[in-house]
There are 4 protein chains.
Amino acid sequence: MFELDTRSRKPIYEQLVEKLKQLIINNVLKEDEKLPSVRELAQQLTINPNTIQKAYRELESLGYIYSLKGKGSFVHPIEKSDNVEELNKVREELKRLFAEAIYLGMTEKEIESLLHEVKGGQKND
Amino acid sequence: MFELDTRSRKPIYEQLVEKLKQLIINNVLKEDEKLPSVRELAQQLTINPNTIQKAYRELESLGYIYSLKGKGSFVHPIEKSDNVEELNKVREELKRLFAEAIYLGMTEKEIESLLHEVKGGQKND
Amino acid sequence: MFELDTRSRKPIYEQLVEKLKQLIINNVLKEDEKLPSVRELAQQLTINPNTIQKAYRELESLGYIYSLKGKGSFVHPIEKSDNVEELNKVREELKRLFAEAIYLGMTEKEIESLLHEVKGGQKND
Amino acid sequence: MFELDTRSRKPIYEQLVEKLKQLIINNVLKEDEKLPSVRELAQQLTINPNTIQKAYRELESLGYIYSLKGKGSFVHPIEKSDNVEELNKVREELKRLFAEAIYLGMTEKEIESLLHEVKGGQKND
DNA sequence: GTGGTCTAGACCACA
DNA sequence: GTGGTCTAGACCACT
């Protein structure tokens with residue numbers, strides 16, 4: 001399910017956060033769907049449960065999931081999160097990337113077509 | 001010349017790389033222009049020369065500058081670099097960010113207007 | 001009657017306590033009015049009766065309701081309760097919150113207008 | 001320096017977060033002042049360093065402190081944080097508390113005088 | 001010496 | 001069974 005690079009300088013839990021974010025964003029994990037339990041995922045990835053916890057915690061504070069004692073962790077429906085801070089981060093990063101892309105020779109058209117491509121592929125059901 | 005945030009959790013050398021990249025991208029540092037020497041910049045920013053060195057090395061491997069032994073570091077003319085690797089990285093990152101932005105509620109229009117804004121501000125010689 | 005957020009990390013019984021407190025505070029549940037029976041409410045909210053029980057016990061110890069064996073639970077008339085303990089708690093919490101609000105940049109005016117807003121909305125019979 | 005209740009249902013790290021928040025809000029710990037190191041505080045409180053870490057992490061993500069590898073943790077200057085999420089939380093809690101205070105018999109005047117008292121005592125140097 | 005990550009293993013609260 | 005907390009102890013990266 002995941003490919004984690006235990007040798008990377010990037011902490012495992014951050015890699016996990018990224019991967020899970022992608023799954024949520026791309027609607028592979030749907031609203032209110034249950035994520036694998038901490039222990040389950042830990043065993044599956046042969047990683048310490050605490051590390052999974054840390055990732056889940058981070059995802060919760062970022063507004064991507066919610067966790068219930070005794071029940072599990074679930075994908076947070078977007079409408080309710082309305083995450084201003086995350087949005088600002090994304091805006092800044094977009095500006096930085098646009099400048100870089102243009103510098104490297106990409107045209108506005110190319111960038112826009114990339115956007116449409118992504119937009120089309122996004123599963124919105 | 002620079003504003004380095006010694007408070008940021010980001011390593012200083014990474015901040016330097018980013019700042020210098022920005023200067024090159026925005027054409028403040030022009031093609032083949034000489035960058036400040038390591039020692040000079042180190043003194044100016046009251047930072048360890050090793051840190052500057054590390055940043056320059058990083059920029060070189062990214063294709064933004066080239067170094068000549070005993071002469072210094074210079075801005076890499078973009079036509080000559082034609083950095084396919086970097087371009088692919090940027091494309092992938094753009095796709096990732098677009099998906100995230102859309103997920104967080106940004107519309108295509110918003111994203112495009114952000115692009116035009118950046119494009120407009122870019123200094124193209 | 002209630003909207004309980006089963007997704008919230010807050011225990012359900014605590015949510016119940018809060019909601020019932022609100023109803024009492026806003027005079028929706030009047031002095032000496034009978035609260036729904038534990039079983040009744042449990043069925044209505046499809047929640048374990050023990051959870052309701054726990055909430056009622058909490059409300060009783062906070063001085064908001066009183067229970068009569070075999071008869072049910074009732075709203076405690078406020079004049080009779082004269083809950084000094086609760087008042088002191090609230091005063092302390094207000095002081096803490098005021099300091100925090102000011103620290104985060106709220107002005108006295110903002111805070112006061114928030115107070116008037118709440119005061120206006122309060123149903124005082 | 002701190003009084004921690006290891007028996008409380010409230011996690012130690014949360015108690016720590018609260019205490020440190022208070023110290024920062026009340027300007028006992030000033031802008032950019034260094035907090036005790038993780039290990040130092042751990043030893044002082046006879047608590048595991050990981051628990052302190054967790055508290056510091058939380059404080060960082062709340063915008064109250066910033067941490068630098070190899071240097072330490074420091075109080076985040078307020079102007080830069082501009083913490084929207086925290087502010088919204090505080091506003092909601094204020095509304096809740098105001099309603100409760102009024103119900104328990106406090107007058108607007110009392111509440112306002114409490115506010116002025118706090119405002120006056122806040123150290124703004 | 002500092003913060004940060006990770007593991008192993010125990011225990012608690014909630015359902 | 002679930003998430004959550006805590007400890008003990010090891011190791012890493014950055015100053």
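Per chain, numbering begins at 1; letters A, B, ... match sequence-line order. This is a predicted model, so every value here is computed, not measured.
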Student: Using heavy-atom distances to pick each residue's nearest nucleotide on DNA chain E, tell me which of A:Lys69 and A:Lys54 is more 5'.
Tutor: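 Counting from the 5' end, the first nearest nucleotide belongs to A:Lys54.
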Student: Which nucleotide sits closest to the side chain of D:Pro11: E:dG4, F:dT7, F:dT5?
Tutor: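 Among E:dG4, F:dT7, F:dT5, the one nearest the side chain of D:Pro11 is F:dT5.
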Student: Is D:Lys95 salt-bridged to D:Glu100, cutoff N-O under 4.0 Å?
Tutor: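 Salt bridge absent between D:Lys95 and D:Glu100.
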Student: Indicate, yes or no, whether a donor-acceptor pair under 3.5 Å links the base of F:dG3 to the side chain of A:Arg39.
Tutor: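 Side chain to base: pair present.
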Student: Go through F:dG3, F:dG4, F:dT5 for me and flag the one nearest to the D:Tyr13 side chain.
Tutor: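 Side chain of D:Tyr13 sits closest to F:dT5.
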Student: CD of D:Gln43 versus P of F:dT7: gap in Å, rounded?
Tutor: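 Between P of F:dT7 and CD of D:Gln43: 14 Å.
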Student: For B:His76 together with B:Tyr66, are the ring centres under 6.0 Å from each other?
Tutor: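 B:Tyr66 vs B:His76: aromatic centres under 6.0 Å.
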Student: For A:Ser37 and F:dT2, is the shortest distance between a side-chain N/O and OP1 or OP2 below 4.0 Å?
Tutor: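 Yes, such a contact exists.
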Student: Which whole-number value in Å describes the distance from A:Asp5 CG to E:dC6 P?
Tutor: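 For the pair A:Asp5 CG and E:dC6 P, the rounded distance is 12 Å.
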Student: With DNA chain F as reference, determine whether A:Gly72 or A:Arg9 sits nearer its 5' end, using the nearest nucleotide of each.
Tutor: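 Looking at the nearest nucleotide for each, A:Gly72 comes out on the 5' side.
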Student: Counting only side-chain heavy atoms from C-beta out, which of F:dT7, F:dC6, F:dG4 sits nearest to D:Ile12?
Tutor: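 Nearest to the side chain of D:Ile12 among the choices is F:dC6.
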Student: Does D:Gln53 make a side-chain donor-acceptor contact with the base of E:dG3, cut-off 3.5 Å?
Tutor: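 When only heavy-atom distances are counted, D:Gln53 does not reach the base of E:dG3 through any donor-acceptor pair under 3.5 Å.
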Student: What is the distance from CG of A:Asn48 to P of F:dT5, rounded to the nearest Å?
Tutor: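 Atom CG in A:Asn48 sits about 16 Å away from atom P in F:dT5.
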Student: Output the rounded distance in Å from CD1 (D:Ile47) to P (F:dT5).
Tutor: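 Rounding to the nearest Å, CD1 of D:Ile47 and P of F:dT5 are 14 Å apart.
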Student: When the distance from NZ of A:Lys71 to P of F:dG4 is rounded to whole Å, what number comes out?
Tutor: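 The distance from NZ of A:Lys71 to P of F:dG4 comes to 14 Å, rounded to the nearest Å.
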Student: Mind running salt bridge (charged side-chain N to carboxylate O under 4.0 Å, His left out) on B:Arg96 and B:Glu92 for me, showing each step along the way?
Tutor: CA-CA 6 Å; B:Arg96 190 185 57 74; B:Glu92 283 314 304; over 6 Å; no
Student: CG of C:Leu16 versus C1' of E:dC14: gap in Å, rounded?
Tutor: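 The answer, rounded to whole Å, is 15 Å.
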Student: Respond yes when some side-chain nitrogen or oxygen of D:Arg57 is under 4.0 Å from OP1 or OP2 of E:dT5, and no when none is.
Tutor: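 It does, given that an N or O in the side chain of D:Arg57 lies less than 4.0 Å from OP1 or OP2 of E:dT5.
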Student: Between A:Asp32 and A:Val75, does a side chain to side chain contact (heavy atoms under 4.5 Å, CB included) hold up when you go through it step by step?
Tutor: CA-CA 5 Å; A:Asp32 291 314; A:Val75 176; over 6 Å; no
Student: What is the distance, to the nearest angstrom, from the CD1 atom on D:Ile52 to the P atom on E:dG4?
Tutor: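 Interatomic distance, CD1 of D:Ile52 to P of E:dG4: 13 Å.
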Student: My understanding is that a pair needs two contacts under 3.5 Å, Watson-Crick or G-U wobble. By that rule, which nucleotide pairs with E:dT5?
Tutor: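 Result: F:dA10.
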Student: So which of B:Leu16, B:Leu35, B:Val17 actually passes side-chain contact (heavy atoms from CB on, under 4.5 Å) with B:Tyr56?
Tutor: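 The residue from B:Leu16, B:Leu35, B:Val17 that satisfies side-chain contact (heavy atoms from CB on, under 4.5 Å) with B:Tyr56 turns out to be B:Leu35.
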Student: Answer yes or no: does a side-chain N or O of A:Thr51 lie under 4.0 Å from OP1 or OP2 of E:dT7?
Tutor: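 Yes, because at least one side-chain N or O of A:Thr51 sits under 4.0 Å from OP1 or OP2 of E:dT7.
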Student: Just compare E:dA8, E:dC6, E:dG3 and give me whichever is closest to any side-chain atom of A:Asn50.
Tutor: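 It is E:dA8.
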Student: Rounded to whole angstroms, how far apart are CD on D:Glu60 and C1' on E:dT2?
Tutor: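 Rounding to the nearest Å, CD of D:Glu60 and C1' of E:dT2 are 14 Å apart.
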